[in-house]
Every structure is written in structure tokens, then in C-alpha cells.
Amino acid sequence: MTKTSFFKTTLLLAGFAVGSLAHGVDQPKITVEEFRAKLKKDESPLPANGQLQMSYSSVVDKILPSVVTITSSGKPKRGLDGMGGMPQIPPGMEPFFRRWFGLPDENEEGGNPFEDQDPDQQRPRRKAPGAQRPAPPPQKDQRLGVGSGMIISADGYILTNNHVVEGADKLEVAVDGANGYTKTHLAKVVGRDPLTDVALIKIDATALQPATISDSAKLRVGDIVLAAGAPMELAHSVTQGIVSALGRSNIGIVREGKNAGFENFIQTDASINPGNSGGPLVDALGRVVGINTAIFSRSGMNAGIGFAIPIGMALSVVEDLLANGKVQRGFLGVQIKDLDGETAKDLGLTDQGGAVVMMVGSDSPAGKAGVEVGDVIVSVGGKRVDNSSTLRLIVSGNKPGSQIALEVMRDKKKVTLNATLESLPDDAVAAGGSGTPKSSGGSSELLAGVTAQDLSSTLTEKYGIAKGVEGVVVTKIDADSSAAAVGLKEGDVIQAINRQPVKNIGEAKGLVKGNKQTVFLKVHRNGDTMLFVVRD
């Protein structure tokens with residue numbers, strides 16, 4: 001979308017729409033099977049080592065009739081940018097910007113302390129004491145921005161981005177007819193999923209030309225692709241490039257105040273600019289392989305790094321929206337991080353693939369299955385886990401109630417566990433020594449900057465530690481210590497060190513002695529089990 005507020009940022013969604021979805025989400029009377037029957041598909045592979053084409057006009061002729069321009073309108077939130085605030089305006093500069101844009105100053109009454117200008121005077125009139133300020137006129141709908149979409153059924157189902165329709169009170173869809181004329185239709189939102197930025201809308205129309213859908217799983221790096229849409233509100237624009245990379249994730253997009261955790265982007269150098277959002281990314285045969293959604297740029301314009309949602313992922317989301325009204329995602333209940341070379345070395349592993357379990361949620365599917373902090377998950381349901389993003393995608397791609405087999409590396413051995421997934425909560429993101437000396441009592445510096453103490457009834461009550469929890473409690477921690485830097489806090493209960501359980505401070509000190517380089521701490525906090533890797 002192209003309306004307002006393209007300040008200098010590193011990553012931009014290719015369009016904006018703001019506010020609240022006033023018109024709601026209507027559940028359509030259509031089954032997933034009926035919806036699938038409407039789609040036009042061609043999932044045959046592209047020819048290998050094909051000849052270079054001198055023109056893509058036939059591809060353009062095939063896809064453009066299916067590309068639409070979407071204009072969103074609504075009541076913008078207060079603020080100079082129409083988005084409820086003034087992003088990146090330096091502190092203290094708001095009054096200047098208000099004067100520059102001719103907006104009233106804010107005060108306790110919510111407006112200018114002066115009345116409107118007297119037409120016969122050069123200065124404003126002050127309000128009479130006790131005078132009532134007239135009620136402001138009702139806000140009119142304003143255009144929030146322009147984005148793109150693609151027709152996927154002859155009877156008016158259109159696929160686009162969530163951020164193109166989010167917050168709109170009115171959606172207008174411009175469709176090119178066979179006679180060369182453009183007709184505008186009002187659209188309703190069928191369903192939307194902010195976490196993947198996918199939305200399905202519907203217009204009341206017939207005999208439309210749907211796009212042909214391909215299998216995005218068959219894409220290869222180097223395949224030629226074209227991006228279509230309305231960049232900078234220039235409808236019917238097409239750019240060409242190649243697939244630069246596959247499986248991109250963790251690129252920093254925040255949607256509806258949450259970090260997006262379910263990303264599997266196609267990266268392309270086909271030019272994507274503001275307004276391309278929701279438009280199709282097609283292969284050299286004109287078949288849709290993705291939905292244009294974001295750009296990586298320091299200027300707000302194309303920099304040769306664009307991202308598209310794989311069409312297979314988008315359709316899976318749409319089918320969930322049709323069947324259930326929302327996307328159902330599996331939940332394992334762990335916090336994870338990528339297994340880097342240093343951590344792999346610390347764990348004695350030669351393969352760096354996998355996801356390290358840093359926390360196991362209390363009463364979570366992972367905890368019930370026997371997953372432990374420090375485990376490295378290398379496979380789920382027979383699918384290889386290359387990193388933490390892969391694990392999130394695999395787990396979230398399974399429905400709640402599904403049983404999955406987890407292969408984990410533990411103590412240099414492969415262990416197979418079986419977990420029954422639950423439904424992803426709204427606030428979750430699919431994130432030794434030797435010897436057993438007797439307790440020395442009291443408190444002691446366990447690690448540099450970390451003071452720990454045996455558990456007692458006083459400390460249990462002070463830190464709200466549940467009955468039955470064993471270990472040593474952190475009673476003091478230096479804010480500049482390595483342990484504090486990785487997240488260890490006062491009140492944490494250290495239950496194991498380098499995978500060896502501890503019940504008192506004497507055992508704990510014996511386990512860290514001679515292990516000054518790297519120490520693995522299994523910690524209990526508020527019912528959850530966590531792993532901290534402390535390196536001195």
C-alpha cells in the first residue's frame with residue numbers, strides 16, 4: 001500500500017492499512033472441498049535447462065487478467081501519520097510538526113486552546129471563559145492505501161495480504177474486464193491470519209479469470225519469476241527476476257504487535273515496491289508460486305531483496321480459515337534456538353543442524369513427552385529439523401491433537417519421544433562434574449557474579465517456589481555478570497549443572513569446579529524449566 005508514513009526503516013511490508021476491522025469476518029457457506037474444486041492448478045515441474053525467452057509477453061497476458069487493485073478506506077487513528085502516532089519524530093519536535101501540518105495542539109480538552117481564526121483579524125480569538133467547545137465534525141472515511149490481490153476462483157474469491165485489508169471499513173476491488181474496461185466491486189473479508197499475513201476476500205462477480213496455481217514446493221533457487229501488482233498505485237505492472245533464496249525466516253516483520261514466527265519466504269530480486277502487497281509472484285509459465293508481501297530496504301523502495309509467501313502455505317491457511325474460521329496450529333511448548341557451532345561443540349556434537357531446547361513449559365506437550373532442556377531436536381515426524389524456524393513450521397503445520405515423533409540428541413545419544421500436540425495459545429510463538437559432596441549450608445558464590453543458597457522454607461516463600469522443587473536458589477546476581485547477560489535471575493532454582501542434578505550448594509559447587517569455560521544450567525522458574533548456557 002502506498003499511503004503515508006514510509007520513514008526510513010530496514011524492513012517494510014509492501015503496503016499499509018491500519019485501524020480495526022470494523023466490518024468483521026463473515027464465515028462463508030462453502031466447504032474446503034468445494035473451495036479446492038474452484039481452484040485452477042498446474043503443478044507440473046518447470047522444464048530443466050529451458051531456453052532463454054526473449055519475451056515474457058505471453059506470461060504477462062496469462063496473469064494480468066487475474067490481478068486486481070485493492071483500495072482500502074476507513075477512519076484513521078489520530079496522529080500525523082494516520083496510524084495513531086508519529087513514528088520516528090524526535091522527542092520534543094511534535095509541536096513543530098503539528099504547526100507545520102496545520103494540526104491543532106493537544107491539551108486537556110483534546111484540541112487547540114484557541115477558537116477558529118477570525119476572518120477579519122490576523123490572530124485567533126480566545127474562547128470566552130466557560131464557553132463550551134463545539135463538538136468536532138464526524139470523521140469521514142479516508143483512503144488508507146492501495147494494494148494488490150489475485151483472483152483464484154471464477155466466482156470472486158481473491159487472495160491477498162492481511163495487512164492490505166486490516167483495519168479497512170471499506171474495500172474496493174478494481175477488476176479488468178474482457179472488454180478492456182475496469183469495474184470496481186465492493187469486497188468482504190472471508191478470513192485473515194496476521195501471523196502469516198494471508199487474507200481471503202470475496203467480491204460478488206462471475207465469469208472472472210482465475211490465476212493458475214503451481215506447487216511452490218517445487219521451486220528452485222535460480223528459477224525465473226515475475227511479480228505483478230500495483231506498485232506506487234501503478235496498476236498492471238510486472239517486474240522480472242529470479243528466485244534468490246528459499247525458506248527465509250526471522251527477517252524481523254512484526255504483525256499486530258507480535259513477531260511473526262511462521263515464515264518460510266521466497267526471496268526474489270524481481271522488483272517489489274509499496275503497492276505490490278498481495279499481488280502474485282509467478283513462474284516463467286505464468287503460474288502463481290507466491291504472494292508478494294515485504295521488501296528489505298533502507299529507502300522504502302526496491303533494493304533487489306523482496307519476499308513472497310509460498311502459495312502452498314497460503315492455501316493451507318485459507319483452507320483452515322474456511323473450515324474453522326481461524327488457523328489451528330500445533331503447540332509443543334518449548335522455547336528453542338538454533339544450534340550454532342559453539343553450542344554444538346559444548347554439547348559434543350559434530351552436526352550443527354537442529355534446535356536446542358532452552359525451556360520446557362510447565363504441563364506442556366513437550367514436558368509430558370519427556371523433552372528436557374538441553375535436548376537438541378533433530379527430527380519431527382521423520383522431517384529433518386535444520387534450525388529453530390524449521391521446527392516451528394513443522395510443529396505449527398500439524399493440527400492440535402496430532403501425535404508426532406521427536407528425535408532428540410541427548411548426551412550424544414539419539415532418543416525418540418512421542419508428543420501429542422495441543423492448540424497454540426494466543427500469547428505463544430511456536431519460541432559435568434562428578435562427586436556428591438554434602439551440603440555446606442548457607443550461601444556461596446556458585447559462578448562469577450552468582451550467589452546461590454540451599455532452599456529453605458523462608459526462601460521458598462520469598463520467591464514463590466512451589467513445593468517439591470529441588471535445587472539451589474539464586475539469591476544474588478551481578479547485573480554485569482555473564483549469567484545475568486544470558487537471562488539468569490534472582491529467585492531462579494538451579495536444578496542441574498551440566499546435566500547432573502543438584503540438591504544443595506555443596507553438590508552445585510562440586511559440579512562447576514573445573515568447568516570454568518562453559519556451564520549448562522537447568523533452571524526452574526515459575527513452573528517452567530529453562531536452560532542457560534553460561535560462558536566465562
Side-chain angles (χ1 to χ4, degrees), residues 333-336 343 346-348 356-364 366-376 408-413 415 417 432-479 481-536:
V334 293
Q335 286 186 4
I336 50 179
T343 305
D346 291 336
L347 294 172
V356 185
V357 177
M358 303 301 293
M359 186 192 81
V360 180
S362 59
D363 199 32
S364 66
K368 295 173 183 176
V371 177
E372 299 179 2
V373 292
D375 285 349
V376 180
V408 306
M409 294 299 299
R410 180 186 298 170
D411 295 329
K412 302 181 183 180
K413 297 178 181 179
V415 179
L417 305 170
S434 62
T436 54
K438 296 181 180 180
S439 172
S440 61
S443 62
S444 177
E445 185 174 67
L446 183 60
L447 299 169
V450 179
T451 300
Q453 191 171 341
D454 289 342
L455 279 172
S456 64
S457 57
T458 302
L459 292 176
T460 297
E461 182 178 355
K462 177 181 179 180
Y463 294 115
I465 301 169
K467 293 182 179 180
V469 175
E470 295 183 336
V472 295
V473 62
V474 177
T475 55
K476 185 179 179 182
I477 187 164
D478 186 344
S481 65
S482 299
V486 298
L488 194 69
K489 297 180 180 180
E490 181 180 340
D492 285 346
V493 179
I494 299 173
Q495 295 185 301
I497 298 176
N498 295 332
R499 291 193 175 276
Q500 301 298 313
V502 296
K503 295 183 179 180
N504 54 60
I505 196 67
E507 289 182 348
K509 293 188 70 173
L511 290 171
V512 299
K513 186 177 181 180
N515 291 283
K516 297 298 184 181
Q517 292 294 321
T518 303
V519 177
F520 291 82
L521 303 178
K522 177 184 176 182
V523 170
H524 180 277
R525 179 190 294 171
N526 297 328
D528 295 330
T529 306
M530 313 173 76
L531 175 69
F532 294 102
V533 184
V534 182
R535 298 184 176 95
D536 288 333

query = Looking at V486 and V534, what are the two nearest heavy atoms and their distance?
reply = CG2-CG2, 4.1 Å
Straight-line distance of E445 CD to K476 NZ, nearest 0.5 Å = 9.5 Å
inquiry  = Could you report the tightest heavy-atom contact between S481 and A448, atom names first, then the distance?
reply    = CB-O, 3.5 Å
key: Qualifying residue, where the test is side chain to side chain contact (heavy atoms under 4.5 Å, CB included) with I494 and the options are L521, V519, I505   = L521
ask   = Would L531 and V356 count as a side-chain contact (heavy atoms from CB on, under 4.5 Å) if you check the C-alpha gap in whole Å, the side-chain angles of each, and the deciding distance to 0.1 Å?
value = CA-CA 9 Å; L531 175 69; V356 185; 4.2 Å; yes
All salt bridge (Lys or Arg N to Asp or Glu O under 4.0 Å) counterparts of R410, not counting sequence neighbours = E372, D375
inquiry  = With side-chain contact (heavy atoms from CB on, under 4.5 Å) as the criterion, how do V472 and V493 come out once you've worked through the C-alpha distance, each side chain's angles and the decisive distance to 0.1 Å?
reply    = CA-CA 5 Å; V472 295; V493 179; over 6 Å; no
Shortest non-hydrogen contact from A484 toward A479 = CB-O, 3.7 Å
remark   = Applying side-chain hydrogen bond (donor to acceptor under 3.5 Å, both in side chains) to K462 and not counting sequence neighbours gives none
query = Under 6.0 Å from the NZ atom of K503, do we count more than 12 heavy atoms belonging to anything else shown?
reply = no
note = So CZ of F520 and CD of Q500: to nearest 0.5 Å the spacing works out to 13.0 Å
request  = Sorted by first residue and then second, give each side chain to side chain donor-acceptor pair (under 3.5 Å) pair with at least one member in residues 463-473; sequence neighbours left out.
outcome  = Y463-E490
ask   = Who passes side-chain hydrogen bond (donor to acceptor under 3.5 Å, both in side chains) against D478, sequence neighbours left out?
value = none
key: pair I465-V473: side-chain heavy atoms closer than 4.5 Å   = yes
key: Chi angles and distances behind the side-chain contact (heavy atoms from CB on, under 4.5 Å) call for L455, T460   = CA-CA 7 Å; L455 279 172; T460 297; 4.2 Å; yes
inquiry  = Rounded at 0.5 Å granularity, tell me how far CG in D411 sits from CE in M409.
reply    = 9.5 Å
remark   = Heavy-atom closest pair (G333 atom, S364 atom, distance to 0.1 Å) is O-OG, 3.5 Å
request  = Would you check if the side chain of T451 reaches a backbone N or O of T475 as a donor-acceptor pair within less than 3.5 Å?
outcome  = no
query = Tell me the salt bridge (Lys or Arg N to Asp or Glu O under 4.0 Å) pairs involving residues 517-529, sequence neighbours left out?
reply = D492-R525
ask   = By side-chain contact (heavy atoms from CB on, under 4.5 Å), which residues pair with A369, not counting sequence neighbours?
value = A419
